[in-house]
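Below is one structure, written out as structure tokens, with a few remarks after it.
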Amino acid sequence: MAEAEFDVLILGAGSGGYSCALRAAQLGLSVGLVEKGNLGGTCLHIGCIPTKALLHAAEIADSAREASQFGVQATFEGVDMAGVNAYKDGVVDRLFKGLTGLIKGRGITVIEGEGTLTGPRTVTVDGTAYSGKHVVLASGSYSRTLPGLEIDGERVITSEQALRLDRVPASAIVLGGGVIGCEFASVWKSFGADVTIVEALPRLVAVEDEASSKALERAFRKRKIAFRTGTPFQSVKVTDTGVAVTVEGGDVIEAELLLVAVGRGPTTDGLGYAEQGVAMERGFVLADERCRTNVDGVFAVGDIVPGLQLAHRGFQQGIFVAEEIAGLEPTPIDEAGIPRVTYSHPEIASCGLNEDRARELYGDEITTVTFDLGGNGKSQILKTQGFVKLVARKDGPVVGIHLVGDRVGELIGEAQLIYNWEGHADDVAPLVHAHPTQNEALGEAHLALAGKSLHAHA
Ligand code: FAD
């Protein structure tokens, strides 16, 4: 028996699902939001927010340790994980309360429990069927592991358990040198652990421009974060004191624990999607640029859709779908225009194409410019190293912007406007950037691209 019919029925209240709910309600649509865990999903509870709180605490630990470089007398006496966790959980809690209030205030019906798609427009929760004129699948993702690699939650853990650790491990092996792996490696090193990253691909954060990966590797080397790239994992043995990881070639690396950060798989198994005829590929839900699946009236957003598994992508797709359902004909989202940030120390941020991809698409039409943060006053004040790299079409727009350095994640807003508005060097170069800011480095890079380099050797 159908309990209620909504204009929009959403399965999953993570970044994709809840943004869709809020926007749909704002547009006057009735909304049912099914959630088996906590409103806010991965990002709020076990993803972006708690990891960035840890990274901020790590930055403070580094500042305390390095205070004398700035003439400040301070001693770093260690990390009290109970205190760090209280701070982290406090941030999550405040945001969770705010989100819960927003959802309630918009008159959204929250249906608590595990939902299954039991008809093309029906979601069943604990035996009760709810229907929607439109259904939005937003069930998110989970931490993957490798065949034969069992997560025991103690010695072999995922990011979820890593976020709940009540101690700083003396040593850790991080399996996977992608964004999540590098962020945890960075935190633990700042907190005082010995860290080794094991990565099968030839470089860290391999989705980024090669220059960014190399800069991160240089910085990690300097920080004494060990990494073994081009080194596939073979096996792990849990011992009385920790783990012994064997990598291809036979080397054994030992540590107190192993963090498995080898990517995230779509949460779609057993949810009835395929049974209702939704086209899937390797567990992901296939959706077109309007976030529509092949089943009429069924949409999909967020990490279950192939592409960048980022909160702001799911968030924007959720808004897009609400507007699509309301008939507002929103403009499709350009995947390449979605900003990406790795919040390690130093940070990597990017938008648009990396150089290799741009050359594949445009060949010799591509030109690049790199402005070193050594020529940027604010970066010198912060004592951070890195660069702004522009990838542009000759006499055409900038097609990729790549940044490395502490706090460069905050610059990505301007970078994404330049990319998404197809800015040319001559458009951006004359913009006045506040002084002294790291944003000036973006201005300088565009001056260089326009052939008017001021603070760099042309
Ligand atoms: P989710 O947030 O996973 O939400 C899905 C929701 O659906 C969950 O609440 C789940 O409980 C619910 N659900 C699933 N199945 C059912 C069911 N059958 N019935 C009812 N409810 C169900 N992204 C960034 O942009 N920036 C970052 O800094 C960042 N850091 C990250 C750090 C870590 C450690 C991790 C793990 C992820 C990070 N991400 C980051 C990725 C980001 O969290 C995800 O891209 C984002 O949460 C995806 O949103 P979503 O709505 O698709 O799914």
Side-chain angles (χ1 to χ4, degrees), residues 9-22 32-56 88 92 96 99 110-118 123-126 130 135-144 157-164 174 176 178-187 259-273 284-285 287 291 299-319 321 338-344 347-349 409 412:
L9 180 58
I10 304 166
L11 182 49
S15 312
Y18 91 70
S19 67
C20 185
L22 288 177
L33 183 59
V34 181
E35 175 55 56
K36 67 174 180 180
N38 290 319
L39 297 175
T42 303
C43 164
L44 178 52
H45 299 279
I46 51 167
C48 327
I49 299 298
T51 49
K52 268 77 256 180
L54 287 188
L55 280 149
H56 186 61
K88 162 180 71 72
V92 171
F96 176 56
L99 177 63
V110 175
I111 303 157
E112 289 177 16
E114 187 152 0
T116 317
L117 197 68
T118 48
V123 174
T124 299
V125 184
D126 291 332
Y130 299 85
V135 166
V136 183
L137 309 178
S139 45
S141 61
Y142 65 92
S143 298
R144 273 194 209 277
I157 62 175
T158 67
S159 57
E160 207 168 321
Q161 289 112 26
L163 281 168
R164 290 201 300 262
V174 176
V179 177
I180 293 175
C182 285
E183 289 186 353
F184 272 103
S186 192
V187 167
L259 168 67
V260 180
V262 294
R264 297 189 56 85
T267 304
T268 53
D269 225 25
L271 298 194
Y273 299 172
F284 286 92
V285 175
C291 300
F299 296 79
V301 298
D303 283 6
I304 58 169
V305 180
L308 291 168
Q309 290 178 311
L310 291 171
H312 43 283
R313 169 182 178 255
F315 191 82
Q316 201 58 33
Q317 287 174 330
I319 294 171
V321 166
I338 295 172
R340 308 166 291 261
V341 182
T342 304
Y343 296 86
S344 46
E347 293 183 347
I348 296 180
I412 202 62

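Start at 1 and go down the list; that is how both ligands and their atoms are numbered.
- Interface atoms of ligand 1 facing H312, defined by a heavy-atom separation under 4.0 Å, are 25 (O).
- Ligand 1 has no nitrogen or oxygen under 3.5 angstrom from a nitrogen or oxygen of T267.
- Near G302, meaning under 4.0 Å from one of its heavy atoms, ligand 1 places the atoms 52 (O).
- Near Q309, with a cut-off below 4.0 Å to any heavy atom, the atoms of ligand 1 are 41 (C), 45 (O).
- Of the N or O atoms in L163, none lie within a sub-3.5 Å distance of an N or O in ligand 1.
- Here the heavy atom of the protein found nearest to atom 3 (O) of ligand 1 is T42 OG1, 2.5 Å.
- Annotation: the span from Y273 atom OH to T268 atom OG1 amounts to 7.0 Å, rounded to 0.5 Å.
- Considering only non-hydrogen protein atoms, atom 53 (O) of ligand 1 sits nearest to G140 CA, 3.1 Å.
- Of all the heavy atoms in S344 and C182, the pair that sits closest is CB-O, 4.0 Å.
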When you look at L54 and F184, which way does the side-chain contact (heavy atoms from CB on, under 4.5 Å) test go after all the steps?
CA-CA 9 Å; L54 287 188; F184 272 103; 4.1 Å; yes
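- For the pair V179 and R340, the minimum side-chain heavy-atom distance is 4.5 Å or more.
- Y18 is not listed as a side-chain neighbour of L39, based on a closest heavy-atom distance of 4.5 Å or more.
- Considering all non-hydrogen atoms of both residues, I180 and S159 come closest at CG2-CB, 4.1 Å.
- For the pair G40 and ligand 1, the shortest N or O to N or O distance does not fall below 3.5 Å.
- Of the listed residues (K36, R264, K52), the one carrying the non-hydrogen atom nearest atom 22 (C) of ligand 1 is K36.
- Residue S15 places a heavy atom under 4.0 Å from ligand 1.
- For atom 18 (N) of ligand 1, the closest heavy atom belonging to the protein is G115 O, 2.9 Å.
- Proximity of S15 to Q316: side-chain heavy atoms (C-beta onward) are nowhere separated by under 4.5 Å.
- Numbered from 1 in the order shown, with element, the atoms of ligand 1 that lie under 4.0 Å from a heavy atom of G113 read 19 (N), 20 (C).
- Nearest protein neighbour of atom 7 (O) of ligand 1, counting heavy atoms only, is G12 CA, 3.2 Å.
- In this structure, Y343 has a heavy atom closer than 4.0 Å to ligand 1.
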Show your working on side-chain contact (heavy atoms from CB on, under 4.5 Å) between L44 and N38 and close with a plain yes or no.
CA-CA 9 Å; L44 178 52; N38 290 319; over 6 Å; no
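- With S19 contributing its side chain and F315 its backbone, the two residues share a donor-acceptor pair below 3.5 Å.
- Between E114 and ligand 1, a contact under 3.5 Å exists for no N or O pair.
- Polar contact with ligand 1: present for G16 (N/O pair, distance under 3.5 Å).
- Of the heavy atoms in S159, only side-chain atoms (C-beta onward) come closer than 4.0 Å to ligand 1.
- For ligand 1, the atoms lying closer than 4.0 Å to a non-hydrogen atom of S139 are 5 (C), 7 (O), 14 (C), 15 (N).
- Nearest-heavy-atom check against atom 23 (N) of ligand 1 across A138, A162, G314, A311 picks out A311.
- Near I46, meaning under 4.0 Å from any of its heavy atoms, are these atoms of ligand 1: 34 (C), 36 (C).
- Side chain of E114 to main chain of K36: no donor-acceptor pair is present (N/O by atom type, distance under 3.5 Å, no hydrogens or angles).
- Using a 4.0 Å cutoff on heavy atoms, S143 does not count as a contact of ligand 1.
- Looking at T51 against ligand 1, only its side chain comes within 4.0 Å, counting heavy atoms.
- G47 CA, 3.4 Å is the protein heavy atom nearest to atom 33 (C) of ligand 1.
- Among all heavy-atom pairs drawn from I10 and A138, the shortest one is CG2-CB, 4.4 Å.
- Remark: ligand 1 atoms within the under-4.0 Å shell around heavy atoms of L11 are 17 (C), 19 (N), 20 (C).
- Although no hydrogens or angles enter the test, the distance criterion places no donor-acceptor pair under 3.5 Å between the side chain of E183 and the main chain of T51.
- P50 and V92 get closest at one heavy-atom pair: CD-CG2, 4.1 Å.
- Looking from atom 47 (O) of ligand 1 to the surrounding protein, the closest heavy atom is C43 N, 3.3 Å.
- Proximity of E183 to ligand 1 is not established, as no heavy-atom distance is less than 4.0 Å.
- Of the residues V262, T158, I157, the one that meets the side chain to side chain contact (heavy atoms under 4.5 Å, CB included) test with S143 is T158.
- Considering backbone and side-chain atoms together, E35 places an N or O closer than 3.5 Å to an N or O of ligand 1.
- The ligand atoms of ligand 1 that sit less than 4.0 angstrom from a heavy atom of S141 are 3 (O).
- Contact annotation for I180 and ligand 1: only side-chain heavy atoms (C-beta onward) come within less than 4.0 Å of the ligand.
- Listed by chain and number, the residues in a ring pair (Phe, Tyr, Trp, His ring centres under 6.0 Å) with F284 amount to none (sequence neighbours excluded).
- Shortest contact from atom 44 (C) of ligand 1 to any protein heavy atom: D303 OD2, 3.3 Å.
- Legend: residues meeting salt bridge (Lys or Arg N to Asp or Glu O under 4.0 Å) with R313, ordered by chain and number and at least two apart, are E335.
- The protein heavy-atom contact nearest to atom 40 (C) of ligand 1 is C48 SG, 3.2 Å.
- Contact record, G272 with T116: N-CG2, 4.1 Å, taken as the closest heavy-atom pair.
- Screening I111, V136, L33 for a side chain to side chain contact (heavy atoms under 4.5 Å, CB included) involving L9 leaves a single residue, I111.
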